[in-house]
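Following: one structure in structure tokens, then a few remarks.
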There are 2 protein chains.
Amino acid sequence: MDQATALNLFREHLKKYIDFNEAEWILFSQHLSFSGLKKKHYFATPEKVCDKVGFIVDGSVRYFHIKDGQDITGYFSFENEFLSSYKSYLTSSPGYTYIQALEDTNLITFTRRDMDEMLSNPMLAYKMERFGRLIAEQYLCCYEDRVVSFITQTPEERYLQLLTTGREILRRMPQHYIANYLGITPVSLSRIRRRVMETVK
Amino acid sequence: MDQATALNLFREHLKKYIDFNEAEWILFSQHLSFSGLKKKHYFATPEKVCDKVGFIVDGSVRYFHIKDGQDITGYFSFENEFLSSYKSYLTSSPGYTYIQALEDTNLITFTRRDMDEMLSNPMLAYKMERFGRLIAEQYLCCYEDRVVSFITQTPEERYLQLLTTGREILRRMPQHYIANYLGITPVSLSRIRRRVMETVK
DNA sequence: TCAGAACGTTAACAAAAGATAAGAAATAGA
DNA sequence: TCTATTTCTTATCTTTTGTTAACGTTCTGA
């Protein structure tokens, strides 16, 4: 995957949100970087502020936290999705999230500084505000669903829902990561799976 | 509380996000409505699309869901906070959230249609995009914290954290609502409280 | 003011989840 | 290919939560 291809993929994806004209795209793309992240390397760690947002051209990452020495997976991102320790990025304060490549991953990134510059540039400001709004709103919807599921559903129900809506996660992620994502331990998920299997029989 | 006072409070609050000049404020405020919501009345119900966003000038509301005939509280909003069944508003699709006034509440509201008109009005578009972005980003941060707490903390730990960060909720909300908010049953919260009390002794 | 509703605690029991450990199977990497 | 690691399951035991019901208290609305 070369940089030009990656940029084209990114530009294509952005059409869902924003329609840049040529002049705008040139300005915008000057602030973009193309970078690779080797498997098991980190996009963000809690020690420092996450000062950038990435777009996954190719590959996948997981978000996790460390609690009492234990690694707890909270989320995943795949191709054609953005990634960031979002709160850390927005507030410019250290987060509590590790973001790690699960395979060799190619990214388009821009820093908070880039974004601030674009937001201050009259040629881009309007579209970047809109871009930021639409991205934030989209993630807000995901988060809303997730919070509601923790409040109204049992772990088993969350797993059953994942079976219908989470194909990508189920297909590509090891089960103990999925367990954490559902808010339970791997052992517990294994039991739930057996219960579900026996019910289906 | 009269309309002029409410509008001034709202304008004051908005300064945290946006600085409107006089002309802009006149245009913007034309799209605002002032309304009262009597205790126990609904701001939103799942049967229909939530087509508006409100700002609480005075009062409080709770968000809840109904599952198997049971009412499960998911969130609260107080004075100087926005309220909406956000995903329903953003996607113009029916939600699964009831929003109910816990006391007589005064609101400033604007509809999705109002917002769309403002976003299409060149005189306001830029500031409204920015406004929408900043609001969405702020709520995103809250949601991120909430999701992380469900994944990394036990119910007891979530309660202990609420003791330090959730004064307003603890002071004003009945305990069975708080229990749902923490993802557990009222009976379980009562037990946790006893455990915590005995540990402190 | 007064009856009914809402609220918080407790008890008893069932169901589920956490912790730990062991073992089998799959996978990765040298 | 072969070994070490990761992954998943299962078992056992402990802890926690859910469920239901009862009881006293506090609120609330007519």
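Proteins get letters first, then strands, A, B, ... in listed order; numbering begins at 1 in each. This is a predicted model, so every value here is computed, not measured.
Between B:I184 atom CD1 and C:dA16 atom P there is a gap of 18 Å when expressed in whole angstrom units. C:dA16 atom P lies 14 Å from atom CZ of A:R158, rounded to whole Å. Between the OH atom of A:Y159 and the P atom of D:dC8 there is a distance of 11 Å, rounded to whole Å. Atom CD in A:E198 sits roughly 9 Å away from atom P in D:dT10 (whole-Å rounding). Taking atom CZ on B:R191 and atom C1' on C:dA17, their separation rounds to 14 Å, with Å as the unit. Here the C1' atom of nucleotide D:dG29 and the CG atom of B:D104 are 14 Å apart, to the nearest Å. In this structure, CG of B:L182 is placed 16 Å from P of D:dT16, rounded to the nearest angstrom. One interatomic measurement links the two molecules: CD of B:E156 to P of D:dG18, which rounds to 13 Å at whole-angstrom precision.
By the 4.0 Å N-to-carboxylate-O rule, A:E198 lies too far from A:R195 to be salt-bridged with it. Salt-bridge check for B:R130 with B:E24: failed, with every basic side-chain N at 4.0 Å or more from each acidic carboxylate O. The pair A:E117-A:R113 meets the salt-bridge criterion, since a charged nitrogen lies less than 4.0 angstrom from a carboxylate oxygen. One finds no salt bridge joining B:K16 and B:E81 here, because no Lys/Arg side-chain nitrogen approaches an Asp/Glu carboxylate oxygen to under 4.0 Å. A salt bridge does not link B:K39 to B:D104: none of the charged nitrogens lies less than 4.0 Å from a carboxylate oxygen.
Side-chain proximity of A:R193 to the nucleotides C:dC7, D:dG29, D:dT9 is greatest for D:dT9.
Nearest-nucleotide mapping onto DNA chain D: of B:I192 and B:K40, the residue sitting toward the 5' end is B:I192. Taking for each of B:L189 and A:G183 the nucleotide of DNA chain C with the nearest heavy atom, the 5'-most of the two is the partner of B:L189.
Look at A:H176 and you won't find any side-chain N or O under 4.0 angstrom from OP1 or OP2 of D:dT6. Phosphate proximity of C:dT9 to B:Q175: present, with a side-chain N or O under 4.0 Å from OP1 or OP2. At D:dT17, one or more side-chain N or O atoms of B:R195 fall inside 4.0 Å of OP1 or OP2 (strictly under the cut-off).
Residue A:P155 is classed as a sugar-phosphate contact, given heavy-atom separations below 4.0 Å to backbone atoms only. A:T185 comes within contact range of the sugar-phosphate backbone alone, with a heavy-atom separation under 4.0 Å but no base atom that close. Across all strands shown, B:S188 has heavy atoms under 4.0 Å from sugar-phosphate atoms exclusively, and none from any base.
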